[in-house]
Amino acid sequence: MSRHARSIVGYPADESLAVALLAGVAGVAGSFAVASFTPAFIAGPIAGFMARTLPGQVITFSIVVLGDLGSQLNVALAVGISAVLFAGAALLGSAVGNRTASPAAGFVAGAVTALISFGITAAFFASVVAGASTGLVVLAADFITSQRGTALAARIGEPVASRRRLLAAIASSVPLVAGGYALGASQSTQVPAETVLDGTPPWVDPEVETLLAGAAENSLDVPGLEPLVSDEFYEVDINSTNPTIDADEWSLTVTGAVDNAVSYSYANIAEMEVEHRFVSLRCVGEALNGKKMDNALWTGVPIMDLVEPAGPADECCVMLRAADGFYESFPRSALEDGFLAVGMNGEPLPRGHGYPARALIPGHWGEINVKWLTEIELLEQDVDGYWEERGWHGTGPVNTVAKLHVVSDLDDGRKQVGGHAYAGVRGIERVEVSTDGGETWAEATLSEDLPGTDVWRQWTYSYDPPGGEHEVVVRATDGTGTLQSETEASPFPSGPSGWVTRTVR
Ligand SMILES: Nc1nc2c(c(=O)[nH]1)N[C@H]1C(S)=C(S)[C@@H](COP(=O)(O)O)O[C@H]1N2
Ligand SMILES: [Mo]
């Protein structure tokens with residue numbers, strides 16, 4: 001047996017790169033198999049690291065111009081970088097192994113590969129456990145990819161042809177990658193909140209059923225229009241992977257300018273007197289007629305019920321901090337009507353929406369509705385939050401908007417248009433539609449107001465289409481009688497503005 005055959009990745013230079021890359025890809029798949037799409041997945045923190053450290057303009061371009069594609073590209077890039085890092089580890093490992101006198105070469109190569117993978121992973125996670133498990137996974141992937149490659153090629157016949165060995169490495173890494181992906185994708189890492197609570201969870205309540213049924217009943221019967229409680233609630237995060245928090249270990253602390261800091265466990269909050277509230281959210285970074293505005297029924301407690309026992313000083317501001325490293329600061333006054341949600345639409349809060357608990361700050365842009373909330377700090381001075389440090393001004397109240405998402409032909413030849421309108425706590429009083437580019441206006445039909453002080457409404461309007469192309473324009477008037485601003489503004493830095501216009505044929 002040659003020395004090459006004995007070493008794990010001891011291939012001739014011309015093919016070792018390709019085999020190392022295959023091992024790297026298999027290693028990433030293995031990491032996914034172990035961690036699923038959680039922060040312990042190697043590509044997660046790398047994507048997060050890029051999102052945090054890339055210049056603000058790049059991130060803003062990605063959010064405003066690329067939208068969801070931007071974060072998908074970020075994840076894809078992070079997966080690629082992870083594979084290259086692991087491949088580098090395998091190459092280094094094999095180089096070291098090849099310098100070692102046999103028969104220890106293979107062992108040394110594998111150990112060095114695992115050690116470097118461990119180092120890379122631990123550096124990104126600051127976690128020894130994640131590093132160790134990833135190191136082992138990469139070692140296994142590396143071993144199987146190269147060793148099976150060698151073994152298969154050897155069975156085919158000595159001397160082992162490079163190409164055959166490479167093909168065999170491909171053949172062994174494909175099932176590794178497929179299996180790793182399938183394993184990772186099948187994992188659900190959310191701890192069912194029922195298991196950490198004694199008795200009935202607060203979101204299991206006949207009142208929830210009644211409220212949800214009412215919202216369904218009051219939703220306008222317009223095909224293609226999202227109902228009053230969103231079927232698919234948008235998600236915006238600074239990280240590509242959601243934190244996986246054990247409700248058992250989670251706590252929320254009230255700190256800063258208070259008489260004495262107070263801490264709450266998950267059970268503490270679930271045992272309090274809960275409320276169910278409809279609250280809509282909208283992201284400051286979305287397009288004027290975008291899809292990052294939604295509504296849900298949330299179960300939780302008024303935030304001041306948690307803050308008051310700490311004896312807060314009468315200070316100007318507050319900072320909310322979260323388990324994913326996110327933080328936002330805003331005026332204390334906005335906190336007064338704040339809500340801490342643990343349930344959503346009759347279920348525990350989904351991981352993507354902040355499990356185990358999130359803040360809801362009525363009428364304000366989504367960004368201060370901090371998910372995975374861990375700390376409420378009372379501040380004597382206003383400071384910049386995560387997005388404000390990157391140039392955004394998204395801590396204030398939402399702009400008024402009427403969106404146009406549905407245009408359809410009715411059986412009788414008329415046209416039907418529809419969408420949602422939202423103005424935060426100001427409420428929506430009226431939506432008007434123009435079918436002639438803004439010359440004349442007619443009032444749209446609105447859905448019944450949902451109970452709640454921070455909810456959207458649906459609108460619809462049907463008309464006889466003029467022959468050919470025409471311009472449909474929509475505008476809302478908020479509950480204070482103020483017409484939606486016609487001045488056009490891009491989402492950056494303080495939210496989109498203008499009237500939604502669409503050419504209809
Ligand atoms: N911890 C944490 N909270 C967060 C964010 C985040 O990245 N991390 N994103 C914010 C932004 S920008 C918005 S628009 C809303 C979106 O909430 P959703 O994902 O539940 O729709 O959450 C906010 N809260
Ligand atoms: Mo947002």
Side-chain angles (χ1 to χ4, degrees), residues 39 44-45 47-49 51-52 56 59-60 62-64 67-68 70-71 74 190 226 229-245 250 252 278-288 290-298 300 303 319-330 334 338-345 347-377 385-399 401 422 424 454 456 491-496:
F49 177 77
R52 269 191 301 279
I59 300 300
T60 296
S62 170
I63 291 172
V64 173
D68 290 339
S71 41
N74 186 25
Q190 177 161 327
E226 185 136 60
V229 168
S230 301
D231 289 329
E232 259 181 63
F233 205 106
Y234 80 92
E235 244 185 270
V236 175
D237 304 310
I238 55 167
N239 294 307
S240 336
T241 53
N242 298 317
T244 42
I245 301 173
W250 173 88
L252 172 63
F278 287 108
V279 177
S280 304
L281 285 184
R282 184 185 184 200
C283 183
V284 69
E286 77 153 355
L288 176 65
K291 290 278 173 77
K292 292 191 171 110
M293 178 169 102
D294 278 297
N295 181 60
L297 178 64
W298 311 85
I303 268 192
M319 173 77 87
L320 302 186
R321 294 182 205 280
D324 62 341
F326 187 68
Y327 47 92
E328 282 295 344
S329 165
F330 53 91
F339 197 58
L340 183 87
V342 293
M344 183 181 186
N345 300 330
E347 306 271 343
L349 204 59
R351 252 183 75 213
H353 295 294
Y355 182 83
R358 80 172 304 165
L360 293 170
I361 310 297
H364 288 66
W365 294 111
E367 64 169 57
I368 67 169
N369 294 254
V370 175
K371 307 189 274 189
W372 310 292
L373 187 67
T374 55
E375 186 184 346
I376 302 172
E377 184 188 3
Y386 183 95
W387 286 118
E388 285 53 53
E389 284 173 349
R390 287 157 179 79
W392 290 81
H393 298 285
T395 62
V398 293
N399 295 343
V401 70
Y422 179 53
D454 180 27
W456 68 3
F492 185 79
S494 44

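Starting from 1, each residue takes its place in the sequence as its number. Numbering of ligands and ligand atoms starts at 1, following listing order.
Remark: minimum distance from atom 15 (C) of ligand 1 to any protein heavy atom is reached at Gly366 O, 3.5 Å. Nearest non-hydrogen protein atom to atom 10 (C) of ligand 1 is Glu367 CA, 3.7 Å. For atom 9 (N) of ligand 1, the nearest non-hydrogen atom of the protein is Val236 O, 3.0 Å.
Taking every non-hydrogen atom of Asn369 and a distance limit under 4.0 Å, the qualifying atoms of ligand 1 come out as 22 (O), 23 (C), 24 (N). Below 4.0 Å from some heavy atom of Phe233 lie the following atoms of ligand 1, by number and element: 21 (O). For ligand 1, the atoms closer than 4.0 angstrom to any heavy atom of Cys283 are 14 (S). Of all the atoms in ligand 1, the ones that sit under 4.0 Å from a non-hydrogen atom of Glu235 are 19 (O), 21 (O).
The N/O atoms of Ile238, backbone and side chain alike, include one that comes under 3.5 Å of an N/O atom in ligand 1. By the 3.5 Å distance cut-off applied to N or O atoms, Ala322 is not counted among the residues near ligand 1. Checked by distance only, ligand 1 and Asp237 stay at 3.5 Å or farther apart across all their nitrogen or oxygen atoms.
Smallest separation of non-hydrogen atoms from Ile245 and Ala323: CD1-CB, 3.5 Å.
For residues 357-369, the set of pairs meeting the salt bridge (charged side-chain N to carboxylate O under 4.0 Å, His left out) definition, not counting sequence neighbours, is empty.
Salt bridge annotation for Lys371-Asp324: absent, with no cationic side-chain nitrogen under 4.0 angstrom from a carboxylate oxygen.
In this structure the side chain of Lys291 never reaches within 4.5 angstrom of the side chain of Ser230, judged on heavy atoms.
A donor-acceptor pair under 3.5 Å is formed between the side chain of Ser280 and the backbone N or O of Trp456.
Taking CG of Asn369 as the start and NE2 of His364 as the end, the distance is 9.0 Å to the nearest 0.5 Å. Rounded to the nearest 0.5 angstrom, Glu375 CD and Met319 CE are separated by 9.0 Å.
Heavy-atom proximity to atom 14 (S) of ligand 1, evaluated over Trp387, Trp365, Tyr234, is greatest for Tyr234. Of all the listed residues (Met293, His353, Lys371, Arg321), Lys371 holds the heavy atom that lies closest to atom 19 (O) of ligand 1.
Contact annotation: for Arg358 versus ligand 1, heavy atoms closer than 4.0 Å belong to the side chain alone. When non-hydrogen atoms are compared, ligand 1 lies under 4.0 Å from the side chain of Asp324 (C-beta onward) but not from its backbone.
The aromatic rings of His353 and Trp298 lie perpendicular to each other, with more than 60° between the two planes, well past the 30° mark.
If you run ring pair (Phe, Tyr, Trp, His ring centres under 6.0 Å) between Trp392 and each of Phe492, Trp365, Tyr386, only Phe492 comes through.
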